[in-house]
Amino acid sequence: MSSNNKPKYPHPNLALEDHAIGDNAVVRVLRIDREDKLGALSRELVVALGTQIARIRRAPEIRAVIVTGTGRGFIAGADVGEYFQVSTQEFTEYQLTSRQVFESLEALPQPTIAAVNGYAFGGGFEVALCCDFIIASERARFALPEIKLGLIPGGGGTQRLAHAAGVRFTKEIVMTGRTIRPDEALRRDLLIDITETEQLMPRALDFASTLAANAPLAVREAKTVIDDGIAGDRRAALAAEQRALGRLFESADGREGIDAFVHKRQARFTGA
């Protein structure tokens, strides 16, 4: 895998990096670059992140997405300073914007990886939970500490954590605001791997390239079927799984994969 270009900055605190993984296919890295605030999300940064997520959705050449931070912070929650002396309406609008952006990240058709390099608190933990996979460095820390401000999570943390790790564990984490270390997060099936800090991005890029090398239509269908099945009726999900498999069998990539297997050659998937 190689970088196509130097990081671009559509917003002063958001960097974009593309890493080539084959012909006309890339892994897109979204890097929160606000080290002085440990990656805290301002309203403007949330909006900028949402804009880039919308563009990724329309870019079939982007086969996988990595979200990461800079320095000691992944995303250390919202910029709480922006809460001070704002009206209830302004606060509610900010929370709604954040929730919509987080949901758009979760709904991306491409597989997403949170490469958690440091503090993932509040909204940062919620962003990680929106991703399909989480890989953490040994210095990563996770928490939903809103209770210490007299609040609760508002970006989906109460629901996504309960879904991923269980109701009682979530009640403990939300009601105490305590911090979760990577080894505990791994035991709770929140992570797929823990790495040394300097190996975090190489590990995330290697995993992303593995995902991106597979047939993109099949990867997207798999993500949709799994997510929809968990959220809905199991019998309906099984029927949806079979319909998706039929669509993939009829696709050019499906035919290519079968032909390559039979003739013992490397498949060349095009996303068609």
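All values below come from the heavy atoms of this structure, side chains included, with hydrogens, waters and symmetry mates left out. Please read all numbers here as calculations on a predicted model, not as lab measurements.
- Under a cut-off of 6.0 angstrom, the local environment of CZ in R168 is sparse, with at most 12 non-hydrogen atoms contributed by other residues, nucleotides or ligands.
- Under the 4.5 Å side-chain heavy-atom criterion for ILVMFWY residues, no single connected hydrophobic cluster contains both I147 and F169.
- Side-chain contact between L14 and L45 is present, with at least one heavy-atom pair separated by less than 4.5 Å.
- Counting only heavy atoms from C-beta outward, the side chains of I113 and D132 never approach each other to under 4.5 Å.
- Under the 3.5 Å distance criterion, the side-chain polar atoms of D193 are left unmatched by any main-chain donor or acceptor of A136.
- Taking each heavy atom of Q52 and P10 in turn, the nearest pair found is NE2-CB, 3.5 Å.
- R34 places a side-chain N or O within 3.5 Å of a backbone atom of A40 that can act as its donor or acceptor partner.
- A salt bridge between E61 and R28 is absent, with no side-chain N of the basic residue lying under 4.0 Å from a carboxylate O of the acidic one.
- Among residues at least two apart or in separate chains, there is no salt bridge (charged side-chain N to carboxylate O under 4.0 Å, His left out) pair with a member in residues 37-60.
- Heavy atoms of other residues, nucleotides or ligands lying less than 6.0 angstrom from CZ of R178 number more than 12.
- Side-chain N or O atoms of R139 include one that pairs as donor or acceptor with a backbone N or O of N117 at under 3.5 Å.
- One hydrophobic cluster, built from ILVMFWY side chains closer than 4.5 Å, cannot hold both L38 and F125; they sit in different ones.
- Two residues are said to be in side-chain contact when any heavy atoms from C-beta on lie closer than 4.5 Å; T270 and D253 meet this criterion.
- With hydrogens and angles ignored, the 3.5 Å screen pairs no side-chain donor or acceptor of D33 with any backbone N or O of N13.
- In terms of modelled atom types and a separation under 3.5 Å, the side chain of E256 and the main chain of A267 share no donor-acceptor contact.
- Judged by distance alone, with hydrogens and angles left aside, the side-chain atoms of S209 form a donor-acceptor pair with the main-chain N or O of D206 at under 3.5 Å.
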Give the C-alpha distance, both sets of side-chain angles, the deciding distance and a yes or no for side-chain contact (heavy atoms from CB on, under 4.5 Å) between I134 and F74. CA-CA 12 Å; I134 304 175; F74 172 69; over 6 Å; no
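- In this structure, the side chain of T68 engages the main chain of A115 through a donor-acceptor pair within 3.5 Å.
- Residues I152 and F91 do not share a hydrophobic cluster, defined by chaining ILVMFWY side chains whose heavy atoms lie under 4.5 Å apart.
- Identified under the salt bridge (charged side-chain N to carboxylate O under 4.0 Å, His left out) test for residues 100-128, with sequence neighbours left out: R99-E103, E106-R160.
- Of all the heavy atoms in A208 and A64, the pair that sits closest is O-CB, 4.0 Å.
- For the salt bridge (charged side-chain N to carboxylate O under 4.0 Å, His left out) test, no residue two or more places apart in sequence or in another chain qualifies with D227.
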